[in-house]
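Here's the structure we're looking at; comments come further down.
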Amino acid sequence: MRQTDSVPIDARRRLRPAGIACGGDYNPEQWPEEVWAEDVALMKEAGVSLVTAGIFSWAKVEPRPGAYDFDWFDRVMDNLAGAGVAVCLATMTASPPPWLSRLHPEILPETADGRRMWPGGRQHYCPSSRVYREHAVRLVERLAARYADHPALEMWHIGNEYGCHTPMCWCDESAADFRRWLSERYGDVDALNDAWSTAFWAQRYESFDEVLPPRLAPTFPNPAQQLDFARFSDDALLQCYLAEKEVLRRITPDVPVTTNFIGVHKPVDAFRWAAEEDAVSVDVYQDPHDENTQVSAGFIFDVTRSARAGQPWMLLEQAPSAVNWRDRNGPKPPGRMRLWSWQAVAQGADAVLYFQWRQSRGGAEKYHSAMVPHGGTGTRVFREVSELGHELASVPRIAGTRSTADVALVLDWNSWWALELDSHPSTALNQMEIALAHYRPLFEAGVNCDVVPPDRDLSGYRLVIAPNLYLLKERDAERLTDFVRGGGHLLVSFFSGIVDDCDRVHSGGYPAPLREVLGLRVEEFWPLAEQDTVDVRHPDGTVSRADLWTEAVVPEGARAVAEFGSGPLAGQPAVTRHSFGEGQAWYVATRLAPEAMRALTDDVCRAASVSPVLPGLPEHVQATAREGDGGRFVFLLNHGREEAEIQLPEPMTDALAPGAIPADRLTLPAAGVAVLSKP
Ligand code: GLA
């Protein structure tokens, strides 16, 4: 893979907005030019300091192959510059124009069963397509040269949500690219045969020419082939991004680049991509119909912040109110958009942007909310957006501050891809569900947490949590072992440490590379039927329920801290604890009910001397902290439906309540936010 340098955003031009940036996707091509002057006037009214523009402009700036019309876009950029609005300029390559797929139908992606995906939506390109990449790069060359010195240009927004609609392609060109990728990875076909265990089911290859992507087959395609195809597909998308980035670095070396992740998205390994960005950005659409939406969003925010080791990041898209793409699209009730925006800032964001500026009249997203709704500016949404824009601008000192965490939760895309393959003891294991089950108790307790890949330096953490780390390389297992040996605390959940990088079971009994540190072996997996639950007996005499999965654990130094109380494994360990070196390692052999998971997490945090940002938080109140040159800020966010009383350790002032006197007690209304600092 080609590597390009990556320069921290701090070392480049700062984002022009001196504090927390606010704005949205600006798609002026949807509107007659008369509207553009009003756009910038309203942007000022709404406190907009940054827009991301041009995302879907390809067909208008290059209406025919090689015939460019940037004049209209010059006027867009000039208008924005004139109003002092900075631009995160999109490279315009997210949706190829109709002429490109008409002249080159081979750019269109194909599914695993050989169906072609036609134009008419967006992202209808095969990530391996040379023709697509050549045309994209040619456009980016023009764009970069044209706007390199434009005063509005602040950042580059490469592509848009890579892998959102077309994460993988199984066409012949992808097949050829996959073979090239495999031959680079393995060198010779014998190494591939070994890595893919092709002795099984007579799959041995004589040459790379025989290898295909895992297309629709009569039964389970080779798992290692599927795993490598996930890696390859992620890489093919990354190569599209890097091809554009290379142009931008050459022509505008001082302008930072980003691309917006779509939440925590299985096809795109955010940790690998983030190393190729100057600032990480993400799109998060909290669901007003989901009462735990803040927890899953919180997890995404923590992944995003951790992807570049705590560097401030950008919420590049959220909805001002409803979206259009769920089955039922509830609007955000009053105050929730503000609350969820502040949640992003509380978890490290330095920019809060929306999709999109002006609500479309036509097209697939006309029922998606926008900052300027169909009803215009006399609307609740415009009022809330404008109030928030000014409120965010009122606390510029937050920008650039960072949070620290004593806890790291391990997430590995390779393990995620492998865990969710078919032909497993249970196909009900879902990486995000398990990760969230371990994340939620920390979130609810107000414990700051980073989310890290398994090869990240763990030395600064007191506690590491590894939920379902199914695929684990020997050397990463050694690092976890050393972490505990040196005094760290480790919590590992079931079906972890099972296979190597090629999805081959580690020899030596499950979970071979973790047996020493955990002080146990797992003799047999015992997944549960869909509606089944088992009892778990805790040392204090309480009984909780568990579901999904159980395992026959044989302690080899670890002691049981909870046992199965019913089912085929009754009397055997459900949770164990092992003193190892200077540290402790816990193992959870089932999926505990949320209350039991919370109690266990609290115990483990206590043992590891991990403290919450504030002790004794009321239910539904989130607490985080950010610190830096601007000072130390404690964020309190009431996600509940009732007001909450919060006791502070010392008198503090709320930056969002100017004029309020310092107090050591605080009443936070439902959806309320406080940004506290010492007077
Ligand atoms: C994504 C895309 C946007 C828009 C929004 C709608 O985030 O990047 O172009 O489609 O979804 O929610």
Side-chain angles (χ1 to χ4, degrees), residues 1-9 11-12 52 54-55 58 88-96 107 109 123 125-145 147-148 153 155-169 173-174 176-185 228-262 265 267-282 304 307-308 311 313-314 316 413-414 453:
M1 187 204 323
R2 182 176 17 171
Q3 297 286 335
T4 51
D5 64 318
S6 197
V7 182
I9 193 170
R12 299 177 167 275
T52 161
I55 300 159
W58 192 346
C88 178
L89 182 52
T91 54
M92 307 189 173
T93 54
S95 188
I107 75 159
Q123 220 174 70
Y125 61 85
C126 158
S128 291
S129 166
R130 297 290 133 192
V131 170
Y132 165 74
R133 284 193 204 169
E134 277 162 25
H135 280 79
V137 160
R138 195 175 66 170
L139 171 62
V140 176
E141 297 255 2
R142 292 296 187 111
L143 192 68
Y147 298 110
L153 175 66
M155 271 191 106
W156 289 109
H157 169 171
I158 300 182
N160 190 59
E161 288 194 341
Y162 278 99
C164 172
H165 309 297
T166 310
M168 291 177 163
C169 172
E173 187 165 6
S174 292
D177 201 25
F178 186 39
R179 287 190 283 271
R180 183 202 50 73
W181 186 91
L182 290 167
S183 76
E184 268 178 29
R185 183 177 173 89
D228 269 346
F229 192 62
R231 292 177 174 131
F232 156 78
S233 300
D234 177 39
D235 203 44
L237 291 169
L238 184 61
Q239 295 309 319
C240 292
Y241 166 88
L242 289 176
E244 295 188 20
K245 179 184 164 187
E246 188 276 320
V247 175
L248 300 173
R249 273 288 190 270
R250 185 160 32 83
I251 301 177
T252 57
D254 296 331
V255 181
V257 304
T258 191
T259 185
N260 47 339
F261 294 136
I262 164 173
H265 189 42
V268 169
D269 179 346
F271 295 131
R272 229 160 65 85
W273 284 62
E276 302 291 349
E277 297 183 272
D278 297 311
V280 187
S281 59
V282 71
T304 308
R308 280 185 67 82
Q311 181 184 309
W313 51 277
M314 307 168 76
L316 215 64
W413 259 261
N414 281 271

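Rounded to the nearest 0.5 Å, atoms CG (L242) and CG (L248) are 11.0 Å apart. With values rounded to the nearest 0.5 angstrom, R185 atom CZ is found 5.0 Å from D228 atom CG. With values rounded to the nearest 0.5 angstrom, F232 atom CZ is found 5.5 Å from S174 atom OG. Put simply, CD1 on I251 and CD on E246 are 8.5 Å apart, with the number rounded to the nearest 0.5 Å. In this structure, CG on L182 lies 10.0 Å from CG on D177, to the nearest 0.5 angstrom. Going from atom NE2 of H157 over to atom CG of L316 covers 5.5 Å, rounded to the nearest 0.5 Å.
The backbone N or O of A136 lies less than 3.5 Å from no partner atom in the side chain of E244, so there is not a single donor-acceptor pair. No side-chain donor-acceptor contact under 3.5 Å links K245 to the backbone of V257. Within the 3.5 Å criterion, the main-chain N or O of E276 finds a donor-acceptor partner in the side chain of Y241. With R133 contributing its side chain and P127 its backbone, the two residues share a donor-acceptor pair below 3.5 Å. Q123 places a side-chain N or O within 3.5 Å of a backbone atom of T166 that can act as its donor or acceptor partner. A donor-acceptor pair is defined here as one N or O able to donate and one able to accept, closer than 3.5 Å; no such pair exists between the side chain of H165 and the backbone of P167.
Ion pairing between a basic and an acidic side chain is recognised when a charged N comes within 4.0 Å of a carboxylate O; E134 and R138 show no such pairing.
Counted by atom type alone, T259 and W273 present zero donor-acceptor pairs between their side chains at under 3.5 Å. With no hydrogens or angles considered, no side-chain donor-acceptor pair links D234 and W413 at under 3.5 Å.
Between W156 and the choices T252, T91, T258, D278, the side chain to side chain donor-acceptor pair (under 3.5 Å) rule is met once, by T252.
Side-chain contact between H265 and Y162 is absent, with no heavy atoms from C-beta onward closer than 4.5 Å.
Note: W58 and Y132 have tilted aromatic rings, judged against thresholds of 30 and 60 degrees for the angle between ring planes.
Taking every heavy atom of both residues into account, C169 and P109 meet most closely at SG-CA, 3.6 Å. Across all non-hydrogen atoms, the minimal contact from M155 to A279 is CE-CB, 4.0 Å. Between R308 and E277, the closest heavy-atom pair is NH1-O, 2.8 Å.
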